[in-house]
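Whatever order the structure lists ligands and atoms in, that order sets their numbers, starting from 1.
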Amino acid sequence: MSDQDSIFFRNFSILVVVLILFTIVLAVGSSIFQDKLVKNLEDRKDRSTIQASIAPAAKVNTDPNAIIAVAEVTEIPFDGSTDGELIYTNVCTACHGTGAGGAPKLEASAWKDRLSKGPEAILANAIKGFTGNSGLMPAKGGRTDLTDEQVKAAVEFMTGSL
Ligand code: HEC
């Protein structure tokens, strides 16, 4: 072998070794990469389970009707008081104090015919609302958040002060 040949042979051997090493590096590298990729995908799958498990227990309900429904259940006006005078003064007097819209004032003459219907009938009209000959009585005087007991107390106060 000439010197040149042996130099070539050495270089060639080095090249072959380098290529073999490079192949090994690629093979090992790609298998590591693949493991990571698979793990990543699994993580992503896990993430949706994690997200579900850390999701807030309750969501704020932005449906306005639902909010009103909750308010009706949880917040009884006047701290739930069944003081008929208090409720009359705050709610009913707007019409019944002045006779606005044809509302009967607290005068015996304005109530004589009404009382003959019986206390249950006028209470039911006050709770459900009704339109008679003189005007419109809104359900619970427009305060539908009042309980039936509170309206009853107000009606009793009204009919008791004639
Ligand atoms: C927006 C005005 C208004 C408010 C507020 C109001 N009323 Fe009336 N109410 C009326 C009118 C008008 C009538 C008469 C309707 C008719 O006979 O035509 C009436 C009638 C009534 C009657 C007689 C029902 C019957 O069968 O004759 C009762 C009882 C009554 N209201 C109770 C109440 C009570 C209790 C409140 C408060 C919680 C209240 N009202 C608030 C307008 C009102």
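- The CG atom of L37 lies 13.5 Å from the CD1 atom of I32; values are rounded to the nearest 0.5 Å.
- Those atoms of ligand 1 with a heavy atom of N133 less than 4.0 angstrom away are 18 (O).
- Residue-ligand proximity: Y88 is placed with every non-hydrogen atom at 4.0 Å or more from ligand 1.
- There is a path of hydrophobic side-chain contacts, each under 4.5 Å, that joins Y88 to L123.
- The atoms of ligand 1 that sit less than 4.0 Å from any heavy atom of A126 are 29 (C), 32 (C).
- For the ligand labelled ligand 1, residue G142 lies outside the 4.0 Å heavy-atom shell.
- Note that the CZ atom of F78 and the CD1 atom of I87 stand 6.5 Å from one another [nearest 0.5 Å].
- Contacts between T159 and ligand 1 below 4.0 angstrom, taking non-hydrogen atoms only, are absent altogether.
- Put simply, the side chain of W111 never gets that close to the backbone of M158: no donor and acceptor are under 3.5 Å apart.
- Nearest to atom 40 (N) of ligand 1 by heavy-atom distance, out of H96, R143, K152, is H96.
- For Q150, the closest heavy-atom approach to ligand 1 does not fall below 4.0 Å.
- For D148 and K140, the salt-bridge test passes: some basic side-chain N is under 4.0 Å from an acidic carboxylate O.
- Rounded to the nearest 0.5 angstrom, R114 CZ and S134 OG are separated by 4.5 Å.
- At least one side-chain heavy atom of I122 sits less than 4.5 Å from a side-chain heavy atom of T159.
- What sits closest to atom 38 (C) of ligand 1 on the protein, heavy atoms only, is C92 SG, 2.7 Å.
- When each atom of ligand 1 is checked for a heavy atom of L136 under 4.0 Å away, the hits are 10 (C), 11 (C), 12 (C), 42 (C).
- Residue I122 touches ligand 1 through backbone and side chain together, judged by heavy-atom distances below 4.0 Å.
- In summary, the atoms of ligand 1 found under 4.0 Å from a heavy atom of P104, numbered by their order in the structure, are 13 (C), 14 (C), 19 (C), 20 (C).
- Atom 17 (O) of ligand 1 has its closest protein heavy atom at R114 NH1, 2.7 Å.
- In terms of polar-atom proximity, G135 is counted as a contact of ligand 1, with an N or O under 3.5 Å from an N or O of the ligand.
- Linking ILVMFWY side-chain heavy atoms closer than 4.5 Å, directly or via other members, places F130 and V155 in two distinct hydrophobic clusters.
- Counting heavy-atom neighbours within 6.0 Å of D35 CG, excluding the residue itself, gives a total above 12.
- Protein heavy atom closest to atom 33 (C) of ligand 1, with residue, atom name and distance, is M137 CE, 3.3 Å.
- One hydrophobic cluster, built from ILVMFWY side chains closer than 4.5 Å, holds both L86 and V91.
- Ranking protein heavy atoms by distance to atom 24 (C) of ligand 1, first place goes to F130 CE2, 3.5 Å.
- For the ligand labelled ligand 1, residue A94 lies outside the 4.0 Å heavy-atom shell.
- Residues V18 and F9 fall into different hydrophobic clusters, defined by Ile, Leu, Val, Met, Phe, Trp and Tyr side chains chained together at heavy-atom separations under 4.5 Å.
- Backbone and side-chain nitrogen or oxygen atoms of N125 are examined, and one is located within less than 3.5 angstrom of a nitrogen or oxygen of ligand 1.
- Taking a cut-off of under 4.0 Å to the non-hydrogen atoms of V91, the atoms of ligand 1 that pass are 5 (C), 37 (C), 38 (C).
- A donor-acceptor pair is defined here as one N or O able to donate and one able to accept, closer than 3.5 Å; such a pair exists between the side chain of Q150 and the backbone of S81.
- The A154 neighbourhood of ligand 1 comprises atoms 35 (C), with distances under 4.0 Å to a heavy atom of that residue.
- More than 12 heavy-atom neighbours from other residues, nucleotides or ligands sit within 6.0 angstrom of NZ on K117.
- Closest heavy-atom approach to atom 3 (C) of ligand 1 among the candidates G141, G84, C95: C95.
- When heavy-atom distances to ligand 1 are checked against a 4.0 Å cut-off, F157 has no atom that comes that close, whether in backbone or side chain.
- Of the N or O atoms in G132, one or more lie within a sub-3.5 Å distance of an N or O in ligand 1.
- Of the options K140, E156, K117, the smallest heavy-atom separation from atom 26 (O) of ligand 1 is shown by K117.
- H96 places a side-chain N or O within 3.5 Å of a backbone atom of P104 that can act as its donor or acceptor partner.
- Regarding atom 22 (C) of ligand 1, its nearest protein heavy-atom neighbour is W111 CH2, 3.7 Å.
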After noting the C-alpha distance and the side-chain angles of L162 and L106, does the key distance pass the side chain to side chain contact (heavy atoms under 4.5 Å, CB included) rule? CA-CA 5 Å; L162 301 175; L106 299 194; 4.3 Å; yes

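- Contact annotation: for L123 versus ligand 1, there are no heavy atoms closer than 4.0 Å.
- Of the protein's non-hydrogen atoms, the one nearest atom 16 (C) of ligand 1 is S134 OG, 3.2 Å.
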